[in-house]
*Asks:* 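Here it is: the structure, laid out below.
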Amino acid sequence: MKDVVKIALAGFGTVGTGLAKILKENKEWIKKRTGKEIVISKILVKDLNKPRTLIPHPNTIFVDTPEALFQDNDWDILVELIGGIDLPYQLITKALKLGKSVVTANKALLSMKGKDLLKLAETQNVGLYFEASVGGGIPIIQTLKESLSGNKIKAITGILNGTANYILTEMSQNELTFAEALKQAQEKGYAEADPSLDIKGIDAAHKLTILIFLAHGVVYTLEKLWVKGIENIETQDISFAKELGYVFKLIARVKEKSGHLQAGVFPALLPQKHILAKVDGPFNAILVQGNAVGPIMLYGQGAGDLPTGSAVLADVISLIKNNYAPNNTGFIESPFKDANILDNVSVVCEHYFRFQVLDKPGVLSALSGIMGEHNISIAQAIQKAQNKKKGVPIVFLTHRASLGDVEKAINEINRFDFVLQPTVHYPIIH
């Protein structure tokens with residue numbers, strides 16, 4: 001084994017510069033850990049003329065084409081930090097076919113093309129590592145692959161998107177509207193100019209499919225996930241939740257039930273005492289339930305240059321310390337069977353409903369009657385006086401009921417002429 005490990009780096013944005021900073025600052029410490037010096041030898045960038053204050057190493061070469069990156073292949077590991085699908089897929093595929101190990105933070109690519117790439121890596125007997133793809137600096141991938149490898153994972157419940165969590169925190173604690181909280185998140189750099197992937201739950205869904213694969217050894221495709229975002233959450237629902245002792249969170253969840261999986265990403269109410277309810281701002285947290293270890297939670301910064309760069313570097317170090325012997329999935333042979341999926345209409349939990357209705361006699365009894373006909377038992381009801389032209393809000397908290405029964409009840413209730421707006425509904429998670 002040589003004393004210098006060379007990295008070909010694709011992308012030199014936030015995470016790439018974070019990786020370079022850590023390699024510079026912790027150079028001697030890394031040598032103590034690995035016995036080697038890790039050097040970024042080539043960097044693929046869009047613009048060679050862009051001024052750069054950080055040069056990773058005196059011998060680092062900047063290139064602007066994939067061909068130049070692969071010109072002499074005088075490097076050991078490809079680190080892909082570009083983002084997107086097509087170009088990263090081409091780069092990673094080429095590197096794996098050349099017998100080079102790869103480290104990536106690209107959760108969208110892994111969610112969509114991970115099965116193919118992991119099969120190729122297995123065929124070539126090289127590493128494809130992706131700690132930074134979920135949870136930023138939180139070591140959830142390594143935990144599932146190795147630390148919990150002796151456990152059957154019963155459930156994973158997580159806050160996997162810091163942008164959405166920041167917005168909901170600001171709406172709850174500072175009474176901002178969704179639009180105000182989103183604008184503030186963008187100003188602070190927590191949200192992109194186009195925040196769609198974050199606020200619609202797609203980013204968290206990408207990450208959840210990766211966690212399902214590692215925890216359960218099956219493929220649960222994005223198209224089969226129940227995904228709902230936070231963009232329609234209103235301040236009055238935030239206020240009602242707080243009054244009732246709950247907080248809103250965008251939850252990514254998978255549960256095992258009789259050999260089948262139920263999974264989705266959705267806004268939910270959590271009791272204020274719930275451990276995930278205390279995760280505020282741009283932070284992430286992942287609660288894992290193992291059949292032997294019980295519940296454990298990993299918490300930390302879900303994005304950023306140094307936290308995510310730390311996760312990328314951890315993968316590089318894992319590869320070189322193990323002499324490049326790959327442990328890509330935590331299984332002897334990568335399992336690629338499709339998940340046995342239990343339809344989400346059978347999910348049973350407590351529920352929050354808000355109805356905006358005309359203030360007239362018989363409305364409350366009509367609503368509760370429909371709920372009862374669909375096996376939904378009301379645990380608590382609140383009615384607030386409001387402008388009669390806009391109607392009054394009525395809030396129900398229910399005992400446990402299936403999502404299928406909830407959907408049927410909502411469809412029937414929304415047809416009443418005294419219902420002024422579509423019914424608002426959110427699950428309650430304990």
Side-chain angles (χ1 to χ4, degrees), residues 1-2 4-13 15-16 19 36 38-46 60-134 141-142 145 206 209-210 213-214 217 219 221-222 311-338:
M1 294 291 293
K2 46 191 176 181
V4 177
V5 175
K6 294 182 179 180
I7 290 173
L9 177 59
F12 201 49
V15 181
L19 173 63
K36 304 177 192 308
I38 301 173
V39 172
I40 299 174
S41 62
K42 275 189 178 181
I43 305 177
L44 175 62
V45 296
K46 289 182 179 178
T60 300
I61 299 170
F62 287 85
V63 298
D64 61 356
T65 66
E67 292 75 19
L69 189 70
F70 285 92
Q71 189 169 11
D72 54 19
N73 299 327
D74 184 27
W75 43 265
D76 306 290
I77 299 172
L78 172 69
V79 174
E80 183 278 307
L81 301 174
I82 295 175
I85 303 297
D86 293 338
L87 179 57
Y89 181 76
Q90 294 169 17
L91 295 175
I92 292 173
T93 299
K94 186 168 184 177
L96 293 175
K97 286 181 177 178
L98 289 170
K100 306 282 189 179
S101 289
V102 174
V103 173
T104 180
N106 197 327
K107 65 263 184 181
L109 176 65
L110 291 166
S111 179
M112 298 171 66
K113 302 281 191 179
K115 181 177 177 179
D116 295 339
L117 292 173
L118 284 164
K119 277 185 176 179
L120 177 58
E122 187 175 281
T123 300
Q124 296 294 109
N125 194 32
V126 292
L128 175 56
Y129 279 31
F130 42 93
E131 183 67 70
S133 65
V134 181
I141 304 298
Q142 184 79 352
K145 284 199 303 185
H206 287 149
T209 62
I210 295 169
F213 179 77
L214 295 171
V219 176
T221 61
L222 187 67
V312 171
L313 180 55
D315 278 344
V316 173
I317 290 174
S318 292
L319 282 166
I320 63 178
K321 286 181 76 172
N322 293 319
N323 294 330
Y324 299 92
N327 177 20
N328 296 332
T329 65
F331 297 89
I332 294 176
E333 293 183 359
S334 297
F336 297 118
K337 290 183 180 178
D338 290 338

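Computation of the quantities below employed the complete heavy-atom set of this structure, encompassing side-chain atoms and omitting hydrogens, waters and symmetry-equivalent molecules.
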*Asks:* Between Lys100 (side chain) and Trp75 (backbone), is there a donor-acceptor pair under 3.5 Å?
*Replies:*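 Checking the backbone N and O of Trp75 against the side chain of Lys100, a donor-acceptor pair under 3.5 Å is found.
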*Asks:* Could you go through residues 311-318 and list every donor-acceptor pair under 3.5 Å that involves a side-chain atom there, pairing it with any protein atom two or more places apart or in another chain?
*Replies:*
residue	atom	partner	partner atom	Å
Asp315	OD2	Phe130	N	3.1
Asp315	OD2	Glu131	N	2.7
Ser318	OG	Ala314	O	3.0

*Asks:* Would you say Lys107 and Ile210 make side-chain contact, with heavy atoms under 4.5 Å?
*Replies:*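 Lys107 vs Ile210: side chains touch.
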*Asks:* Using modelled atom types and a 3.5 Å cut-off, is there a donor and acceptor pairing between side-chain atoms of Thr93 and backbone atoms of Gln90?
*Replies:*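 Looks like no, no N/O pair under 3.5 Å.
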*Asks:* If you measure from CG on Leu96 to CD on Glu122, what distance do you get to the nearest 0.5 Å?
*Replies:*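 One gets 12.0 Å once the value is rounded to the nearest 0.5 Å.
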*Asks:* Looking only at heavy atoms, which two atoms of Asp76 and Val4 are closest? And how far apart?
*Replies:*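 Nearest pair, atom of Asp76 first, then Val4: OD2-O, 4.0 Å.
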*Asks:* Taking the side chain as everything from C-beta on, heavy atoms only, tell me whether Val126 gets closer than 4.5 Å to Pro326.
*Replies:*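 No, too far: nothing below the 4.5 Å cut-off.
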*Asks:* Residues in side chain to side chain donor-acceptor pair (under 3.5 Å) with Gln142, at least two apart?
*Replies:*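 Gln142 satisfies side chain to side chain donor-acceptor pair (under 3.5 Å) with Glu146 once adjacent residues are dropped.
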*Asks:* Using only atom types and a distance under 3.5 Å, with no angle test, would you say the side chain of Lys36 pairs donor to acceptor with the backbone of Ile320?
*Replies:*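 No: the side chain of Lys36 does not pair with the backbone of Ile320.
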*Asks:* For Glu80 and Gly83, indicate whether the former's side chain and the latter's backbone hold a donor-acceptor pair under 3.5 Å.
*Replies:*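 A pair under 3.5 Å: yes.
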*Asks:* Looking at Phe213, I'd like to know if the NZ or CZ of Lys115 sits under 6.0 Å from its six-membered ring centre while staying within 45 degrees of the ring's axis.
*Replies:*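 That pair does not qualify as a cation-pi contact.
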*Asks:* Are the side chain of Ser41 and the backbone of Thr60 linked by a donor-acceptor contact shorter than 3.5 Å?
*Replies:*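 Not at all, since once roles are kept as given, no pair shorter than 3.5 Å links the two residues.
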*Asks:* Can you spot which of Leu78, Ile82, Leu9 makes a side-chain contact (heavy atoms from CB on, under 4.5 Å) with Leu44?
*Replies:*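 Single side-chain contact (heavy atoms from CB on, under 4.5 Å) partner of Leu44 among Leu78, Ile82, Leu9: Ile82.
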